[in-house]
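Read the structure below first, then the notes.
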Amino acid sequence: MARVPAAAPHALAEVMNPIRNAPRALIHRHRTRRTSTTVELASRRRPWTRAVGLVAVVLLGAWLGLLIVGDVRVPVGPMNTTMTLRPSVSGGTKINVSPLGALQLDSHVAPVRLDVNVDQLDPDRAQALVDHPERLSGLQDEVAQDVERGTLDLAVRSCVAVVTGATALGLAVYRRPRRALAAGGLALTLLVASGGTAYATWNPDSVLEPRFSGLLSSAPSLVGDARSIVTEFDVYQKELARLVTNVTKLYDVTSTLPAYQPDPTTIRVLHVSDIHLNPASWKIIASLVEQYKVNVIVDSGDTMDHGTAAENGFLDPIEDLDAPYVWVRGNHDSRVTQKYLEGLKNVHVLDDGRARTVAGLRFAGIGDPQYTPDRSEPDGAEASQELAGARLASALRDQRAAGTPVDVAITHEPSAAREVDGEVPLVLAGHLHREDMEVMKYGTRLRIEGSTGGSGLRAVEGEYPDPIQASILYFDRDSRRLQAWDEIKLGGLGLTTAEVSRHLPKENQPGATPSPTGTGPSPTGRTRTPAAPSPASP
């Protein structure tokens with residue numbers, strides 16, 4: 001047997017080992033490459049994660065800083081107030097007048113809201129105003145200076161609070177001074193940007209259109225008077241002084257709120273609609289008549305639910321209201337309902353374009369051509385509404401030709417109301433169970449009232465009860481044109497909330513130059529376009 005040299009096995013092993021180890025090398029190389037790729041991807045994602053985390057730390061730290069030290073105690077006239085900046089989506093200013101409620105103003109658009117809390121009334125300063133009423137004439141400058149000084153102090157304090165809070169939280173989270181300083185710098189940048197946005201969008205005229213929530217009985221005194229609002233020029237200072245004066249009076253009395261002194265040159269119209277057999281509506285209407293010194297009530301229909309004779313007794317409280325009641329028929333009101341109302345004292349039923357002067361305003365209206373509870377009406381409801389509106393428009397032209405132009409037209413459905421565009425300055429409607437206001441193509445303003453009965457029995461159909469809505473319309477007695485209106489919204493079934501918001505027509509906004517008779521519709525000679533279809537009957 002031939003002998004193998006001793007070096008042969010060693011040489012064979014050197015050749016075979018690389019082949020045997022090749023799969024291991026490939027696996028190791030693949031794992032190394034995959035690990036390096038994972039590390040690379042992770043390193044790419046890390047800056048985004050770090051940025052999001054830093055922003056979260058900055059926002060939380062800034063918010064905590066504002067909560068802890070970001071408020072300023074400022075005397076504004078005779079009141080001691082606390083001003084605070086709060087994070088907000090829409091911005092604005094909220095004035096808390098405890099225990100009456102709050103006033104909300106659309107003063108600016110920024111991610112911060114200014115909260116002003118009226119803490120208490122200084123007895124000495126308040127008594128000085130009561131004893132020396134002549135000092136009220138100089139109150140506007142004093143109030144404006146107090147607010148300006150307090151806002152400046154609040155801005156400085158808020159900067160310190162925001163930067164300190166963000167820096168401290170950044171140091172606690174990251175434990176690195178450089179990262180903490182970056183958090184503080186970013187917080188300061190965001191606050192400066194928010195302040196710049198607020199300054200750029202600042203609207204001092206927002207005091208003319210506040211939203212008041214709380215005790216409804218104090219709303220007339222706080223909201224103010226339409227005639228004086230549209231004739232003021234130094235809007236911000238004077239209206240702010242008016243607010244401070246009214247709050248001072250409210251705190252000065254102990255058991256009763258101050259009486260609302262109406263301007264004799266203003267006609268107040270209470271617009272209600274779609275009561276739908278809700279007995280609570282009469283108490284609300286009576287309260288509004290008393291609190292706002294209403295001159296005339298306008299009901300744009302659907303007072304009933306089925307219009308049967310058995311429901312007629314529901315209408316009897318109208319005779320006890322301390323204001324004349326102007327009414328047009330809705331699609332839930334029958335001819336039986338209309339005839340019963342015609343027999344009640346203090347009620348003025350308008351139909352077929354008939355016009356009547358009540359409380360210094362000339363009204364004309366037409367009843368709804370549809371009566372839906374009996375389900376017997378044929379198709380073509382939209383066409384019948386447009387035809388009724390056209391009949392009303394013709395009657396309005398006849399009134400103008402006779403030298404007795406109509407100031408306010410009334411229908412139930414908005415589709416009928418749109419047919420009188422250009423024939424009357426203002427037309428009132430309801431039916432939709434929600435409030436709306438628009439100026440139509442030819443200059444007529446259409447005011448749609450919500451449901452003053454909270455939709456009646458339909459209130460419980462949705463997830464939340466429908467609100468009870470009404471509005472106060474302010475007219476100039478000389479021009480008989482709309483000067484302002486207050487939207488009143490009360491919580492529906494089982495709720496006790498109340499909100500009043502003031503609105504001004506564009507021609508009455510500060511800086512506008514309204515004509516002596518206000519803006520009116522185009523007289524004649526217009527090309528009419530088809531009216532948009534209205535929603536189905538509620």
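Keep in mind the model is a prediction, meaning the values are calculated, not measured. In this chain, residues are counted from 1 in sequence order.
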Next item on the list: Please determine which of H276, H431, H433 meets the ring pair (Phe, Tyr, Trp, His ring centres under 6.0 Å) test together with H332.
Entry: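 By the ring pair (Phe, Tyr, Trp, His ring centres under 6.0 Å) criterion, H332 pairs with just one of H276, H431, H433: H276.
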[Y] versus [X], side-chain donor and acceptor atoms under 3.5 Å:
X: W202; Y: S107; answer: no
X: H503; Y: S501; answer: yes
X: T82; Y: R73; answer: yes
X: D302; Y: H412; answer: yes
X: S471; Y: E449; answer: yes
X: H271; Y: S300; answer: yes

Considering only heavy atoms from C-beta outward, does the side chain of [X] approach that of [Y] to under 4.5 Å?
X: L426; Y: T444; value: no
X: D299; Y: I275; value: yes
X: F475; Y: V408; value: yes
X: I297; Y: V272; value: yes

Can you see which heavy atom on [X] is nearest to which on [Y], and at what distance?
X: M440; Y: D421; answer: CB-OD2, 3.3 Å
X: V424; Y: V406; answer: CG2-O, 3.4 Å
X: R481; Y: D407; answer: NH1-OD1, 4.1 Å
X: D322; Y: V289; answer: O-CG1, 4.0 Å
X: S273; Y: G430; answer: OG-CA, 3.5 Å
X: L270; Y: A470; answer: CD1-CB, 4.1 Å

Notebook entry, point to check: More than 12 heavy atoms of other residues, nucleotides or ligands under 6.0 Å from CG of D436: is that the case?
Noted result: yes
Inspect the contact between [Y] and [X] and indicate whether a charged nitrogen and a carboxylate oxygen are less than 4.0 angstrom apart.
X: E487; Y: K489; answer: no
X: R502; Y: D486; answer: yes
X: E438; Y: R418; answer: yes
X: D478; Y: R480; answer: no

Next item on the list: List for me each residue that meets salt bridge (charged side-chain N to carboxylate O under 4.0 Å, His left out) alongside R179, sequence neighbours excluded, and say none if there are none.
Entry: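 None.
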